[in-house]
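Quick caveat, the model's predicted, so the values are computed rather than measured. As the structure lists them, so they are numbered: ligands from 1, and atoms in each ligand from 1. The basis for the numbers below is simple: all heavy atoms, side chains too, and nothing from hydrogens, waters or symmetry mates.
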Amino acid sequence: MIDVFIRQHLPLLACLVALVLGGKMKIVEEPNTFGLNNHLLSQGSQLQARVTPSPISGPPHLFRLAGKCFSYMESMYKYDFCPFHNVTQHEQSFRWNAYSGILGIWQEWEIENNTFIAMWMREGDSCGTKNRQTKVLFTCGNSSRLASVSEPQTCVYFLTFETPLVCHPHSLLVYPVLSEKLQKEWDEIEQARYEELITEQGYNKMLRDVFEEAGFLKRAKQPIKQEQHTPSPKHQTLEQCTQEFAKQRGEIERLRSLLSQHNISYEMATGRPTIPLTTVQDQHLRGDTGILDNI
Ligand SMILES: *[C@@H]1O[C@H](CO)[C@@H](O)[C@H](O)[C@H]1NC(C)=O
Ligand SMILES: *[C@@H]1O[C@H](CO)[C@@H](O)[C@H](O)[C@H]1NC(C)=O
Ligand SMILES: *[C@@H]1O[C@H](CO)[C@@H](O)[C@H](O)[C@H]1NC(C)=O
Ligand SMILES: *[C@@H]1O[C@H](CO)[C@@H](O)[C@H](O)[C@H]1NC(C)=O
């Protein structure tokens with residue numbers, strides 16, 4: 001009976017032993033120095049990040065912020081924002097166990113309306129079932145500094161970072177930072193939306209893909225594998241679609257000008273005014289009879 005009991009509860013027992021030992025070790029490890037010498041001077045050095053930061057990305061003129069850190073003091077706490085790396089919090093106290101923790105590790109940009117809005121630092125120290133995370137908003141200011149810190153939700157922090165680097169109205173635009181290839185992809189997506197070939201939802205999804213490919217956004221975890229095995233099927237589809245559309249449009253134009261030149265009336269009942277009549281009229285004005293000659 002006891003054997004079975006022990007076997008069933010082995011993990012729990014191990015846990016209890018560890019707790020007891022852990023508690024004892026703490027007492028041994030922390031002699032009564034009131035943390036004066038060892039804590040405030042070495043704060044942060046014992047912090048363990050759960051993840052490595054994402055690569056540096058976004059507007060190149062902000063890359064110079066990498067490796068720097070900016071502090072903000074508020075009552076008992078000091079906050080450190082190290083762009084493209086991390087956000088940490090340090091309790092300013094002589095308690096031997098003053099809190100020091102990671103509020104987030106650099107992960108990705110928040111993009112809205114073709115503009116880099118904020119840096120997301122996630123995967124910080126655990127907070128219940130979640131991990132602490134921090135959004136750092138970039139605003140124009142006379143000097144680079146952390147201007148405010150708040151905690152709008154439990155364990156979600158909101159920092160405002162002022163810097164002269166973002167004062168130019170174009171300084172945070174996404175499009176100019178993209179490679180030529182991705183700019184072209186974005187152009188095609190805009191064209192497809194304009195021609196109502198894709199829904200608003202499809203538009204947002206495709207744009208997100210472009211931002212992920214550029215490294216501005218972290219890839220959503222699930223679709224990664226699919227995309228790796230069948231490389232960007234969406235883009236192929238869009239490209240084919242656009243090409244097909246252009247082909248069809250050319251054909252319609254050709255037929256329409258034929259009809260005009262033969263003086264046969266036709267209806268504009270397609271519902272979408274995609275082909276301006278001026279094309280045909282222009283041909284008349286130019287006296288272009290090429291098509292008739294070919295027949
Ligand atoms: C936070 O970033 C700074 C600056 O890059 C670095 O020196 C420090 O080790 C980082 N701390 C953690 C806990 O990642
Ligand atoms: C989006 O940005 C454009 C210029 O970049 C601006 O004119 C427009 O007001 C912005 N819209 C929103 C909703 O922020
Ligand atoms: C920036 O500096 C100018 C002149 O030095 C001053 O008038 C202005 O109020 C400052 N702005 C901020 C946001 O500090
Ligand atoms: C085409 O129709 C117009 C009137 O709609 C007429 O004036 C013209 O002569 C016609 N042209 C030919 C080639 O039939």
Within a distance under 4.0 Å of any heavy atom of [X], pick out the atoms of ligand 1 and give their elements.
X: Cys82; value: 2 (O), 3 (C), 4 (C)
X: Ile102; value: 13 (C)
X: Asn86; value: 1 (C), 2 (O), 3 (C), 8 (C), 10 (C), 11 (N), 12 (C), 14 (O)

| What do we get for Ala66 next to ligand 1 when only non-hydrogen atoms under 4.0 Å count, side chain, backbone, both or neither? |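 No part of Ala66 is near ligand 1 at this cut-off.
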| message | Evaluate Lys68 for polar contact with ligand 1, using N/O atom pairs at a separation under 3.5 Å. | response | no
| Does an N or O from Thr88, backbone or side chain, lie closer than 3.5 Å to an N or O of ligand 1? |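 Among all N and O atoms of Thr88, none is under 3.5 Å from an N or O of ligand 1.
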| field | Exercise: identify the closest heavy-atom pair between Lys218 and Ser54 | value | NZ-OG, 3.9 Å
| field | Nearest non-hydrogen partners of Leu137 and Ala118, listed with the distance | value |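 Minimum heavy-atom separation between Leu137 and Ala118: CA-CB, 3.9 Å.
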| message | Would you call the rings of Phe216 and Phe211 parallel, tilted or perpendicular, taking 30° and 60° as the class edges? | response |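 Plane angle between 30° and 60°, so tilted.
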| message | If the condition is side chain to side chain contact (heavy atoms under 4.5 Å, CB included), which residues does Pro53 pass it with, not counting sequence neighbours? | response | His85, Ile105, Trp106
Would you mind writing out the side-chain donor-acceptor pairs for residues 146-161 within the sub-3.5 Å range, not counting sequence neighbours?
from: Ser148; atom 1: OG; to: Thr160; atom 2: OG1; distance (Å): 2.8
from: Glu151; atom 1: OE2; to: Cys155; atom 2: N; distance (Å): 2.7
from: Tyr157; atom 1: OH; to: Arg132; atom 2: NH1; distance (Å): 3.0

